[in-house]
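Here's the structure, in structure tokens; my notes come after.
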Amino acid sequence: MNATIIEAVNDALHKEMENDDKTVVFGQDVAESGGVFRATEGLLAEFGSDRVLDAPLSEIAIAGAAVGLATHGYRPVAEIQFSGFLPPAFDQLVTNASRIRWRTRGELTAPMVVRTPYGAGVRALEHHSESLEGAYGHIPGLKLAIPSTPHDAKGMLISAIRDPDPVLFMEPKHVYRSLREDVPEETYTEPLGKAAVRREGTDVTVVSWGSMMHNTIEAVDNLENVDAEIIDLRTISPFDRETVLESVRKTGRCVVVHEAAKTGGFGGEVIAAINDDALMYLEAPINRVTGFDIPVPLLSMEDFYIPHPPRIEEAIEETMSH
Amino acid sequence: MNATIIEAVNDALHKEMENDDKTVVFGQDVAESGGVFRATEGLLAEFGSDRVLDAPLSEIAIAGAAVGLATHGYRPVAEIQFSGFLPPAFDQLVTNASRIRWRTRGELTAPMVVRTPYGAGVRALEHHSESLEGAYGHIPGLKLAIPSTPHDAKGMLISAIRDPDPVLFMEPKHVYRSLREDVPEETYTEPLGKAAVRREGTDVTVVSWGSMMHNTIEAVDNLENVDAEIIDLRTISPFDRETVLESVRKTGRCVVVHEAAKTGGFGGEVIAAINDDALMYLEAPINRVTGFDIPVPLLSMEDFYIPHPPRIEEAIEETMSH
Amino acid sequence: MDNSPQSISFTPGDVGVDPISQGDVDIETYSVVDPDGSFDSERVPDLSDDEFRDLYRWMLVQRVYDDRATKLQRRGQLGTIASGRGQEASIVGSGSALSLDDWIFPYGREAAALLMHGLPLRDLLMYWRGIEDASRMRNANIVPMSISVGAHVPFATGKAWGMQLGDEDTVTFTNLGDGATSTGAFHEGMNLAGVLGVPAVFFCLNNQYAISLSFDEQTNAETVAQKALAYGIDSIRVDGNDVLAVYNAVSTARERALEGNPVLVEAVTYRRGAHTTSDDPTRYRSDEEVEKWKDRDPLERYRSFLEETGRWDAVDEAAIREEFGTEFEEAVEAADEFEERDVEEIFEYLYKEMPPELERQLAGLEDFLEERPDVYDHIERRPKG
Amino acid sequence: MDNSPQSISFTPGDVGVDPISQGDVDIETYSVVDPDGSFDSERVPDLSDDEFRDLYRWMLVQRVYDDRATKLQRRGQLGTIASGRGQEASIVGSGSALSLDDWIFPYGREAAALLMHGLPLRDLLMYWRGIEDASRMRNANIVPMSISVGAHVPFATGKAWGMQLGDEDTVTFTNLGDGATSTGAFHEGMNLAGVLGVPAVFFCLNNQYAISLSFDEQTNAETVAQKALAYGIDSIRVDGNDVLAVYNAVSTARERALEGNPVLVEAVTYRRGAHTTSDDPTRYRSDEEVEKWKDRDPLERYRSFLEETGRWDAVDEAAIREEFGTEFEEAVEAADEFEERDVEEIFEYLYKEMPPELERQLAGLEDFLEERPDVYDHIERRPKG
Ligand SMILES: Cc1ncc(C[n+]2csc(CCOP(=O)(O)OP(=O)(O)O)c2C)c(N)n1
Ligand SMILES: Cc1ncc(C[n+]2csc(CCOP(=O)(O)OP(=O)(O)O)c2C)c(N)n1
Ligand SMILES: [Mg+2]
Ligand SMILES: [Mg+2]
């Protein structure tokens with residue numbers, strides 16, 4: 001099938017609900033309405049109101065109840081309507097979801113997924129556009145995946161649902177519908193914790209994830225003289241150091257691109273990992289192209305916030321000039 | 001006066017409540033009880049129940065009401081009893097405190113302080129010992145200070161209370177009472193956003209903050225052959241890049257020490273900053289000595305989690321060996 | 001001693017345990033004018049004829065505003081917006097009961113209340129165009145809209161606490177939806193308000209939906225009003241489509257709040273339109289339901305009151321529409337002319353003093369915009385939404 | 001049209017707005033045995049003599065446990081602990097009403113309830129020694145203690161939801177303090193429980209304090225029970241020092257919960273001791289107050305019931321103490337002998353499969369511990385607290 005990311009997410013949910021009747025989908029407006037982005041469209045009709053439920057306006061309860069369901073043998077897939085409304089649930093992720101297995105020495109486990117659309121660029125209202133993967137990626141015990149393509153969205157979401165541990169699944173809403181690709185009809189998984197080399201190259205490694213992948217690819221396409229290797233990190237936690245390191249050892253140069261604010265963002269960790277184990281291969285400082293250290297502006301100026309291809313191009317060129 | 005950190009904090013609160021009658025202290029058990037660590041001891045008696053209040057078991061309300069009070073011309077100093085109970089308030093920090101000035105173009109401001117004791121090593125119960133400065137330091141608009149000495153605790157807390165912007169003030173509870181130094185009786189301020197060079201040296205720069213400063217100093221003391229420069233970062237946000245960069249440009253080597261989990265911790269940002277602007281000075285990869293990527297263990301094993309001086313020594317030696 | 005399971009198996013039997021349940025609480029919905037137009041004359045507030053007519057005018061303003069703003073949105077001149085259609089009586093009845101010194105914590109649908117509190121219409125439009133400058137809430141004691149549902153409740157409690165400490169003669173007035181009552185922030189903020197006895201009125205516009213979720217799925221509580229009991233604070237349940245009832249309820253609540261008794265007011269109303277311009281309500285509710293509530297149209301109901309009391313003749317509906325229409329157009333023009341903007345704007349005001357790294361980022365962006373004007377190909381500056 | 005302030009100044013007058021307040025709700029406190037020992041024979045549950053005596057035995061076990069654990073703590077053999085002194089009737093009355101298949105979500109003071117649910121005493125002691133292994137809650141349907149106050153409420157709701165989906169004949173039973181009722185997690189978890197109609201009993205041990213904060217400063221609500229009204233769920237307020245009353249209340253609540261009606265039970269009791277071993281209650285409450293509550297001692301009260309009903313003679317208090325004393329000592333010994341531990345333990349079980357970076361960190365630490373045994377100078381392995 002030819003699918004957008006949102007369709008791929010929807011298909012993954014259908015497939016896993018079919019595959020495992022312990023899978024339960026809930027969140028605000030996911031049932032009759034099919035989700036504000038239609039990610040859960042059709043699930044209610046197919047699987048019924050026991051397994052597809054609207055939740056009250058209660059992010060704490062959504063995350064907390066997911067832990068409870070998961071410890072009881074279910075596979076909850078909860079939706080937080082926008083990533084800007086995940087902060088109320090932060091405590092449930094830190095205090096319950098991420099460590100119930102650890103606390104109980106494996107007696108109770110939380111195989112749950114919290115899906116949330118993240119990022120700017122869709123002209124949403126205040127607080128709707130945040131990218132806080134840097135903060136969530138710092139919670140031991142919580143996996144954090146961010147697909148960038150329809151193929152990965154489906155395969156990684158299926159992996160996340162089957163994962164024995166809690167997974168925060170941040171979906172790049174800016175490209176929810178703006179790109180399509182062939183996606184296998186059948187069920188398949190893409191592994192969590194494994195980056196993908198989107199393009200091989202020898203001059204410079206460009207690492208990105210989520211919606212910034214597409215700006216990155218566009219930037220690289222525009223740079224005719226640079227043979228860039230593009231890595232889609234795909235999972236923030238656990239972070240696939242090896243794929244990044246291997247590439248940087250080959251290219252000697254690296255640019256990291258993310259939409260979140262720069263300071264304290266996950267780009268720092270990528271750089272630190274390279275510093276740890278590939279410093280001597282570096283021919284230039286690693287460049288970061290990121291959002292600025294400000295909240296995402298309201299819609300009229302939000303585009304200025306986003307790392308657009310020219311910013312990425314410039315950073316790659318600058319890196320190449322060393 | 002000769003004071004511990006907790007006494008210095010208490011003194012700073014006394015001084016600022018005297019200095020500005022808009023200063024209001026509240027939090028769980030801060031009034032009659034004087035705070036579970038006695039940080040607010042004596043305030044109720046001196047300043048009365050209008051200005052020193054016990055709050056209900058409501059971290060969201062504590063942080064949220066602080067924003068309200070602050071926008072109304074007060075200087076709230078809220079206490080969150082342990083840093084492990086700050087996550088419920090995460091949303092109020094992200095959504096209200098950090099951006100009210102920005103949203104209203106300066107019409108409403110939140111000159112507030114949220115104090116919280118952080119870190120392991122005091123044999124506290126589960127969830128009491130976390131260090132999540134990496135996550136909180138990634139919130140644009142929120143300042144984040146972590147003193148390591150009695151002198152700084154007093155001066156920085158006074159600065160934080162007077163600061164026109166919201167400050168999260170994380171106090172190293174492990175060394176609340178275990179060290180004393182001379183602290184001026186009178187009111188003084190230590191600037192936020194400025195690191196302190198604790199010791200000058202030429203061989204290697206060791207960057208740390210909070211309670212890990214003391215393990216760092218001990219480690220450096222133990223290494224007779226290494227002339228280390230020790231930097232106490234003191235403020236995570238805004239982060240004083242310049243002081244770190246200047247030192248690394250001189251020494252060519254760097255070790256970062258923090259108690260928080262490694263992956264996604266603020267050490268990554270320190271390394272990234274050095275990569276940005278001092279990479280060519282580096283003679284060795286920057287080493288990180290940190291907590292592990294796990295929750296802080298319960299009390300019987302928590303000591304294994306903490307970066308003790310020997311771990312820091314080894315890292316410094318390893319860095320020197322390049 | 002045996003540590004093995006010791007639970008006693010219960011043999012039911014009537015041991016006289018009689019749980020408290022919501023059925024035990026009697027909650028009336030206060031009203032003045034019934035849907036059929038009849039009214040309780042003892043409850044009619046003591047207002048001048050002009051004031052009575054003004055309530056109608058403002059409700060009409062709200063309605064016209066919603067219509068016009070929706071059209072602007074469709075033409076791409078505003079971002080996503082949330083309409084107050086159906087809730088006019090709640091919005092206007094409450095807004096009129098406030099003093100200009102009170103602080104409103106808005107939630108998004110209460111245009112008329114904000115306008116009557118002093119906010120320029122231009123700014124309201126600019127906010128929905130996504131222009132930060134509008135959140136200054138120029139000229140009015142209004143905190144920016146709480147787009148994050150419920151997050152403003154503890155904030156409002158804190159500000160009311162400040163009023164209490166300063167012995168001010170004002171309240172915070174927080175608008176919130178039925179959905180907001182399910183948030184932890186609501187709970188903690190309300191409870192603290194009760195503990196401190198702050199001058200705060202929490203005004204819940206129970207419009208029966210939170211996007212697609214109907215009120216009876218939002219909570220098992222039959223009313224929002226009863227939620228106040230959890231905090232030991234008083235509440236008033238009022239017919240939210242009855243502007244006089246809302247006015248009386250909020251006025252009373254405000255007086256009590258000033259005496260140190262925060263109050264929760266539940267205005268029972270209905271969201272007649274979509275949740276926002278991006279929502280399609282036919283997916284989750286029936287036409288019949290929507291029709292049913294049309295009967296209780298706040299403007300029509302109040303109109304019959306004005307007619308009955310001989311005050312209608314002096315209302316020139318067409319003139320109000322036209323007058324406000326002109327005002328709206330002028331506001332759009334003024335918004336269109338909003339000053340030349342600069343990227344500095346999005347960096348400013350985050351801190352009182354911009355930290356060096358942020359300065360660096362700003363300078364970098366400014367240089368970059370000059371060097372690489374092609375970046376504008378990717379940037380849609382949307383002064384018009 | 002003028003957009004300037006339009007608020008109407010309210011002229012008070014009696015317009016018939018009559019707020020609902022907590023005084024309107026009648027909340028009785030259910031009891032069976034009065035403080036003076038007299039009892040309502042109609043309410044005495046239908047238990048065997050042994051079962052009646054067992055309730056006493058378990059209360060005594062709780063008391064002895066608290067005493068001995070406190071002593072152990074003072075000797076440095078346990079970490080900070082929280083005692084159940086004064087709350088024995090609430091703990092035992094509730095614990096006895098559960099089926100072993102129910103899941104308990106404990107909050108920290110309910111030793112006897114956990115023991116009767118099957119948790120080995122050794123493990124309870126090991127938990128307070130800070131040994132993760134104890135949080136397995138071996139042999140018992142118990143979730144680890146919610147040290148983060150209130151955070152377990154939505155968790156329990158979710159687990160009860162699982163029971164509902166699976167049509168199981170069990171409930172989740174959540175213990176929480178009065179302080180916990182002020183958390184957002186409590187609110188959201190309770191509300192969701194009401195919406196879903198899950199088989200959950202929320203048991204609030206209202207011991208009048210949250211550390212130093214008295215209940216009347218925790219909330220302006222006069223009771224915890226009335227908080228259930230906010231969620232449209234039923235509640236029972238019970239004398240928490242009356243073991244039979246608690247037993248009846250929780251049994252009833254449990255039955256209702258099984259029928260899809262979650263219930264909040266408020267047990268009115270008193271924390272006789274310090275908050276924990278690190279607290280000094282003389283800073284914030286008077287001796288008189290503590291004395292006052294001694295009159296209502298749960299054990300004494302129940303003892304008079306047993307005496308009155310001719311069941312006391314067969315209770316051998318000294319034997320129970322001795323028996324449990326021995327058991328306690330054996331448990332301490334067993335805890336002392338807890339297997340040789342390895343640092344791997346703190347890395348294990350975070351994920352089903354350890355990610356490479358964590359493996360690396362573990363290997364690094366293991367190597368390091370071998371290379372630099374001097375690090376043990378800084379590490380206090382505290383197998384004994
Ligand atoms: C904390 C949070 N969660 C989710 C959302 C997404 N959202 C926006 S409005 C809304 C429903 C609000 O319902 P209600 O409070 O009843 O107000 P109404 O829109 O009906 O007036 C939701 C879920 C949000 N803005 N904030
Ligand atoms: C979320 C959270 N905030 C603060 C604390 C610190 N703390 C531990 S126990 C306690 C009081 C709990 O009171 P209550 O719920 O009444 O239970 P009790 O101890 O009285 O039995 C507090 C404030 C905590 N553990 N968790
Ligand atoms: Mg609503
Ligand atoms: Mg208590």
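Keep in mind it's a predicted model, so treat the numbers as computed, not measured. Every chain is numbered from 1 and lettered A, B, ... according to where its sequence line falls, protein lines coming before strand lines.
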Using heavy atoms and a sub-4.5 Å threshold, report which of residues 55-65 of chain A line up against chain C, by residue number. A/A55, A/P56, A/L57, A/S58, A/I60
Residues at least two apart in sequence or cross-chain that pass side chain to side chain contact (heavy atoms under 4.5 Å, CB included) with C/E217, listed by chain then number, are C/L213, C/S214
Among A/I294, A/D54, A/D293, single out the residue with the greatest number of heavy-atom pairs under 4.5 Å to chain C. A/D293
I need the minimum non-hydrogen distance between A/H14 and A/F47, along with the two atoms involved. O-CZ, 3.6 Å
Can you tell which part of A/P88 gets under 4.5 Å to a heavy atom of chain C, answering side chain, backbone, both or neither? neither
Check whether A/F292 gets within reach of chain C through its side chain, its backbone, both or neither, counting any heavy atom under 4.5 Å. both
Would A/Y118 and A/E130 count as a side-chain hydrogen bond (donor to acceptor under 3.5 Å, both in side chains) here? Give the steps. CA-CA 6 Å; A/Y118 86 95; A/E130 325 305 307; over 6 Å; no
Looking at C/I211, C/V149, C/T183, C/L350, which has the largest count of heavy-atom pairs under 4.5 Å with chain A? C/I211
From the list A/E302, A/Q28, A/H127, A/K262, the residue making the most non-hydrogen contacts under 4.5 Å with chain C is A/K262
Interchain contact, C/L369 with chain A, by part (heavy-atom threshold 4.5 Å): side chain
Taking the six-membered ring of C/Y209, is NZ or CZ of C/R285 closer than 6.0 Å to its centre and within 45° of its axis? yes
Minimum side-chain heavy-atom gap C/P281-C/R271 below 4.5 Å: yes
Could you please spell out the steps behind the side-chain hydrogen bond (donor to acceptor under 3.5 Å, both in side chains) verdict for A/E133 and A/W209? CA-CA 11 Å; A/E133 72 270 19; A/W209 53 88; 2.9 Å; yes
Considering non-hydrogen atoms only, spot the tightest contact between A/T40 and A/R115 and give its length. CG2-NH1, 4.1 Å
Please look at C/F368 and chain A and tell me whether the side chain, the backbone, both or neither of the residue comes under 4.5 angstrom of a heavy atom of that chain. side chain
Taking atom types as modelled, find out whether C/D178 and C/Q218 have a side-chain donor-acceptor pair closer than 3.5 angstrom. no
What is the minimum heavy-atom distance between A/G210 and A/P172, and which atoms define it? C-CB, 4.0 Å
